[in-house]
S.K.: 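Take a look at the following structure, please.
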Protein chains: 2
Amino acid sequence: MPPTDLADPGADAPVPPTAPTTGADLPVPEGSGVVEDAAAAVSSDERRRGRSPGGPVTLSQVAREAGVSLATASRAINGSANRTVRADLRERVLAAAERLRYSPDANAQAMARGRTTSLGLILHDIADPYFSSIAAGVGLAAERADLALTLASTQHDPTREPRFVDVLTRQRARAIIVAGGRRDDDETNDAMRTALANFRHSGGSVALIGQPLLDVDTVVIANHSGAAALARALHAHGYRRFGVLGGPTDHLTARDRLTGFREALEELGCPLAEEAVASCAFTRDGGYDGMTRLLRDGPPVDVVFAVNDVMAVGAMAAARDLGVRVPRDVGVAGFDDIVTLRDITPALTTVRVPLVDVGIAATELALAAPATEPRLVHVEGTVVLRESTPPRRP
Amino acid sequence: MPPTDLADPGADAPVPPTAPTTGADLPVPEGSGVVEDAAAAVSSDERRRGRSPGGPVTLSQVAREAGVSLATASRAINGSANRTVRADLRERVLAAAERLRYSPDANAQAMARGRTTSLGLILHDIADPYFSSIAAGVGLAAERADLALTLASTQHDPTREPRFVDVLTRQRARAIIVAGGRRDDDETNDAMRTALANFRHSGGSVALIGQPLLDVDTVVIANHSGAAALARALHAHGYRRFGVLGGPTDHLTARDRLTGFREALEELGCPLAEEAVASCAFTRDGGYDGMTRLLRDGPPVDVVFAVNDVMAVGAMAAARDLGVRVPRDVGVAGFDDIVTLRDITPALTTVRVPLVDVGIAATELALAAPATEPRLVHVEGTVVLRESTPPRRP
DNA sequence: TTGTATGCGTTATCAT
DNA sequence: ATGATAACGCATACAA
């Protein structure tokens with residue numbers, strides 16, 4: 001950790017709010033507001049069904065109020081296929097609905113129609129800018145399709161993935177988008193495969209973002225070729241002694257980026273030494289640790305490729321803490337081009353991935369008419385050279 | 001915009017994926033995968049109800065398979081109140097369910113039970129790290145409560161807020177969390193108020209994160225006192241000539257932070273000149289623009305307070321582009337302590353807000369037993385002094 | 001064009 | 001302890 005905080009009580013631990021609210025044990029925290037509970041008079045009749053007194057207005061009530069039949073009310077309000085309801089009747093119904101503040105019950109509609117209006121999104125961590133960008137894209141596409149987005153964060157725990165698929169299966173979500181690279185772990189991949197098969201068996205469609213190995217439609221990010229292009233660009237800038245922060249060895253996205261980088265370097269006749277590759281977590285702290293080890297124990301390098309931007313930022317921090325100047329002493333490059341990180345100094349060389357568009361594409365893929373074979377959509381990255389890897393004359 | 005990109009085709013515009021997929025018009029983009037559509041043999045009987053051949057297995061089928069009644073099957077599988085079902089029968093049912101891959105229909109359960117298992121979250125932009133942190137907290141609390149999280153992004157369009165409330169009302173969500181500060185705009189606030197009232201009338205509960213002016217439970221972030229504490233800390237560090245990037249004038253969070261800062265300075269006998277406050281958007285670009293104007297047209301300053309971290313980052317970029325060095329020529333401070341931004345250089349002085357905990361607190365507030373009067377939970381910030389505002393001897 | 005009646009999948013209230 | 005059966009709120013096939 002960089003000792004950059006001059007006065008920072010409780011560095012990384014989440015700081016609890018005013019009241020002792022660590023999160024788990026806050027039933028009804030008291031602020032300045034009055035907190036009389038008044039678990040008072042709710043006639044056992046009124047609370048019959050979970051919701052409040054009187055409860056939501058039903059379509060039957062609207063129909064009665066408007067003096068028409070249930071069917072007519074239904075037709076007037078959604079005007080589906082046989083949109084045939086006399087104008088004056090329709091208005092009566094609409095007026096009644098307005099007056100009674102009618103709100104159609106989406107669950108009941110789902111039952112009657114046999115399909116829901118919800119879309120599931122499963123990712124590792126919504127607080128990670130990589131995933132939140134994808135989520136933004138999925139959200140956009142979902143809104144266009146008039147679907148509500150149900151979000152599930154696995155907190156980096158792969159065993160939660162299939163569990164969330166089950167949840168979304170129960171909800172009968174129209175489709176599920178699974179973001180986040182696969183791991184090289186047959187067990188969890190198999191669990192995921194069967195969970196997804198089950199979901200599809202129940203009628204839902206699926207799109208993956210990552211590696212195409214779960215037999216479903218997949219948006220494939222060109223990790224390999226993007227990293228290769230980056231390697232060539234850096235080589236063209238005069239860099240010759242490369243280091244890599246490679247992420248976890250079983251992380252397929254990390255692995256693809258590493259091998260793309262390595263193979264390009266080999267083709268350039270500038271092979272990557274094995275000791276110049278540091279495995280580490282796929283996070284900021286992972287980048288920090290990996291860089292620390294690499295600079296301390298590894299061969300001398302003049303540029304380090306971190307397999308994602310967040311790691312690259314950690315790497316820069318590590319370099320600073322070791323008194324190694326970036327880019328003067330060592331260049332640093334990342335991958336993703338995270339928007340929030342575009343203003344760091346020195347500006348980070350990276351491979352831009354249009355994450356929002358990836359989210360949109362995945363959603364559209366999942367929502368498209370089902371195909372007989374898994375479809376693949378390839379998304380290219382763009383090398384973006386910035387100050388963190390200035391041209392260097394050896 | 002900082003000209004930091006050395007070779008960056010298409011600077012800010014979202015770069016479309018390989019295929020011409022701008023997002024709107026991508027029905028079924030073709031990658032390298034086979035894309036035979038095969039809208040083939042689906043008997044009109046099979047697709048009767050939206051979902052796939054055979055469709056999801058129902059509880060009746062499980063009951064039949066197990067040779068018990070529907071009621072028994074139901075009891076065996078969820079074991080509710082009167083959890084009384086003979087062991088052998090239960091096992092028969094469970095086995096049948098397993099065999100048939102039964103998945104209970106959450107919509108049907110919601111209807112029968114009269115309550116759903118979903119929680120709504122409305123925010124401005126999930127890609128903004130401020131909101132994605134809150135979303136992470138809400139997601140955590142939602143999972144603990146066994147609720148599915150439905151996410152709605154307004155894309156900074158206040159008119160969408162009440163529309164999303166209506167959507168969640170139709171879904172009969174158990175509760176709605178509304179994140180993102182209010183604006184000083186009676187019209188949209190009123191629309192929101194009535195939409196929320198409608199939702200609560202339908203039986204849902206609500207918690208707000210922001211200003212307590214919608215008559216509902218609210219998590220209040222101590223913007224005023226946090227900014228005041230920051231002002232005092234900076235003053236103690238020797239700063240005397242202050243500037244502020246104040247955000248939009250009708251943005252209540254921005255306004256609270258500005259006034260807290262201003263009032264503290266007045267108490268310190270060091271009043272803030274009106275020309276030293278630049279109004280601007282609440283975004284990175286807003287910070288960039290505001291800083292540019294301030295440095296060019298404003299009075300000389302030795303420290304600038306941006307009312308959030310993202311703006312502060314934009315301000316630093318603007319300073320760089322103008323050849324003004326931070327912190328040597330001018331100090332910069334922000335607000336929020338966004339995690340992703342903790343590694344920027346120079347490290348940013350800010351007011352830490354425990355955003356994840358805020359999300360958790362709001363969720364627990366919304367899920368707690370309803371009270372007669374709106375409850376308030378106050379969350380304090382913590383001043384964190386870092387390199388961007390070193391002690392200065394005047 | 002409108003109304004009647006049935007079904008969606010589940011829970012819960014009754015009898016047994 | 002178990003089994004019929006009536007809701008739940010809506011859409012829709014069919015009849016009028």
Side-chain angles (χ1 to χ4, degrees), chain A residues 44-45 47-51 54-64 66-93 97 100 102-117 169-172 202-203, chain B residues 44-45 47-51 54-64 66-93 97 100 102-117 169-172 202-203:
Chain A
S44 69
D45 193 58
R47 67 185 160 94
R48 223 188 78 243
R49 317 206 54 73
R51 299 186 85 89
V57 180
T58 73
L59 188 55
S60 316
Q61 296 174 24
V62 173
R64 195 178 321 140
V68 301
S69 79
L70 178 61
T72 302
S74 173
R75 291 190 269 251
I77 286 190
N78 78 23
S80 65
N82 299 350
R83 41 155 299 149
T84 43
V85 86
R86 231 170 49 210
D88 58 323
L89 277 195
R90 180 201 315 292
E91 292 216 13
R92 282 227 308 268
V93 173
L100 268 47
Y102 170 69
S103 165
D105 185 322
N107 293 107
Q109 290 183 316
M111 283 212 57
R113 294 188 177 139
R115 69 194 136 83
T116 64
T117 70
T169 302
R170 288 200 278 276
Q171 311 246 94
R172 302 293 188 267
S202 96
Chain B
S44 70
D45 193 58
R47 67 182 161 93
R48 222 189 78 243
R49 316 210 51 76
R51 298 186 86 89
V57 179
T58 72
L59 187 55
S60 314
Q61 298 174 25
V62 174
R64 195 178 320 141
V68 300
S69 79
L70 178 60
T72 303
S74 174
R75 290 189 270 250
I77 286 191
N78 79 21
S80 65
N82 298 351
R83 39 155 303 148
T84 42
V85 81
R86 231 171 47 210
D88 58 323
L89 276 195
R90 181 202 314 292
E91 292 215 14
R92 282 229 308 271
V93 173
L100 268 47
Y102 169 70
S103 165
D105 185 321
N107 293 106
Q109 290 183 316
M111 282 212 58
R113 295 205 245 246
R115 71 195 134 82
T116 64
T117 73
T169 301
R170 289 199 279 276
Q171 312 247 90
R172 302 292 188 266
S202 96

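So that the names make sense, note that chain A is the first sequence line, chain B the second, and so on, each numbered from 1. Only this structure's heavy atoms are used, side chains among them; waters, hydrogens and symmetry mates stay out.
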S.K.: Rounded to the Å, how far apart are B:Arg172 CZ and C:dT10 P?
M.R.: 21 Å
S.K.: Only counting residues at least two apart or in another chain, list the ones meeting side-chain contact (heavy atoms from CB on, under 4.5 Å) with B:Ala76.
M.R.: B:Val85, B:Arg90, B:Val93
S.K.: Could you state the CG-P distance from A:Leu100 to D:dG9, rounded to the nearest angstrom?
M.R.: 14 Å
S.K.: Assign each of B:Ala108 and B:Thr72 to its nearest nucleotide of DNA chain D by heavy atoms, then name whichever residue's nucleotide is nearer the 5' end.
M.R.: B:Thr72
S.K.: Considering residues at least two apart in sequence or located in another chain, which fulfil the salt bridge (Lys or Arg N to Asp or Glu O under 4.0 Å) criterion with A:Arg86?
M.R.: A:Asp88
S.K.: Taking side chain to side chain donor-acceptor pair (under 3.5 Å) as the test, write out the residues that go with A:Thr72, two or more places apart.
M.R.: A:Ser69
S.K.: Among C:dG3, C:dT10, D:dT2, which nucleotide sits nearest the side chain of A:Ser69?
M.R.: C:dG3
S.K.: Could you give the CG-to-P distance, from B:Leu59 to D:dG3, as a whole number of Å?
M.R.: 12 Å
S.K.: If only side-chain N and O atoms of A:Gln109 are considered, is one of them under 4.0 Å from the OP1 or OP2 phosphate oxygen of D:dC10?
M.R.: no
S.K.: Starting at CZ of B:Arg90 and ending at P of D:dG3, how long is that distance when rounded to a whole Å?
M.R.: 14 Å
S.K.: Say you draw a straight line from CZ of B:Arg64 to CG of B:Leu100; how long is it, rounded to the nearest 0.5 Å?
M.R.: 9.5 Å
S.K.: Would you name the heavy atoms of A:Val57 and A:Tyr102 that are closest together and state the gap between them?
M.R.: O-CD1, 3.4 Å
S.K.: Classify the nucleic acid contact of B:Leu70 as base, sugar-phosphate or nothing, counting any heavy atom under 4.0 Å across all strands shown.
M.R.: base
S.K.: Within the structure, does a side-chain N or O atom of B:Arg113 lie under 4.0 Å from either OP1 or OP2 of C:dT11?
M.R.: yes
S.K.: Run the side-chain contact (heavy atoms from CB on, under 4.5 Å) test against B:Asp105 and tell me which residues pass, sequence neighbours left out.
M.R.: A:Arg172, B:Asn107, B:Ala108
S.K.: Can a side chain N or O of B:Asn78 be found less than 4.0 Å away from OP1 or OP2 on C:dT11?
M.R.: yes
S.K.: Do A:Gln109 and A:Thr117 have side chains that get closer than 4.5 Å, going by heavy atoms?
M.R.: no
S.K.: Taking side chain as C-beta onward, heavy atoms only, is A:Leu59 less than 4.5 Å from A:Ser74?
M.R.: yes
S.K.: Write down the distance between CD1 (A:Ile77) and P (D:dC10), rounded to a whole number of angstrom.
M.R.: 8 Å
S.K.: Out of C:dT2, D:dT2, C:dG3, which nucleotide sits closest to the side chain of A:Val85?
M.R.: C:dT2
S.K.: A:Met111 side chain: which of C:dT2, C:dG7, C:dG9 is closest?
M.R.: C:dG9
S.K.: Between A:Asn107 (CG) and D:dA11 (C1'), how many Å, whole number?
M.R.: 15 Å
S.K.: Which one, C:dT2, C:dT11, D:dA11, comes nearest to the side chain of A:Thr84?
M.R.: C:dT2
S.K.: Under the 3.5 angstrom rule, does the side chain of A:Arg92 hit a backbone N or O of A:Ala66 as a donor-acceptor pair?
M.R.: yes
S.K.: Output the single nucleotide from D:dC8, C:dA12, D:dT12 whose closest atom is nearest the side chain of A:Ala71.
M.R.: D:dT12
S.K.: Would you mind reporting whether B:Leu70 and B:Arg75 have side-chain heavy atoms less than 4.5 Å apart?
M.R.: no
S.K.: Compare the minimum distances between each of D:dC10, C:dG9, C:dG3 and the side chain of B:Thr58, then state the nucleotide with the smallest one.
M.R.: C:dG9
S.K.: Specify the separation, in whole Å, of atom CZ of B:Arg115 and atom C1' of D:dG9.
M.R.: 17 Å
S.K.: For nucleotides 14-16 of chain D, which of its nitrogen or oxygen atoms have a protein nitrogen or oxygen under 3.5 Å away, and what is each distance?
M.R.:
none

S.K.: Which whole-number value in Å describes the distance from B:Gln61 CD to C:dC8 P?
M.R.: 10 Å
S.K.: To the nearest 10 degrees, how far apart in direction are the end axes of the helix from C:dT1-D:dA16 to C:dT16-D:dA1, each fit to five base pairs?
M.R.: 40°
S.K.: Can you tell me if the side-chain N/O atoms of A:Ser74 get under 4.0 Å from OP1 or OP2 in D:dA11?
M.R.: yes
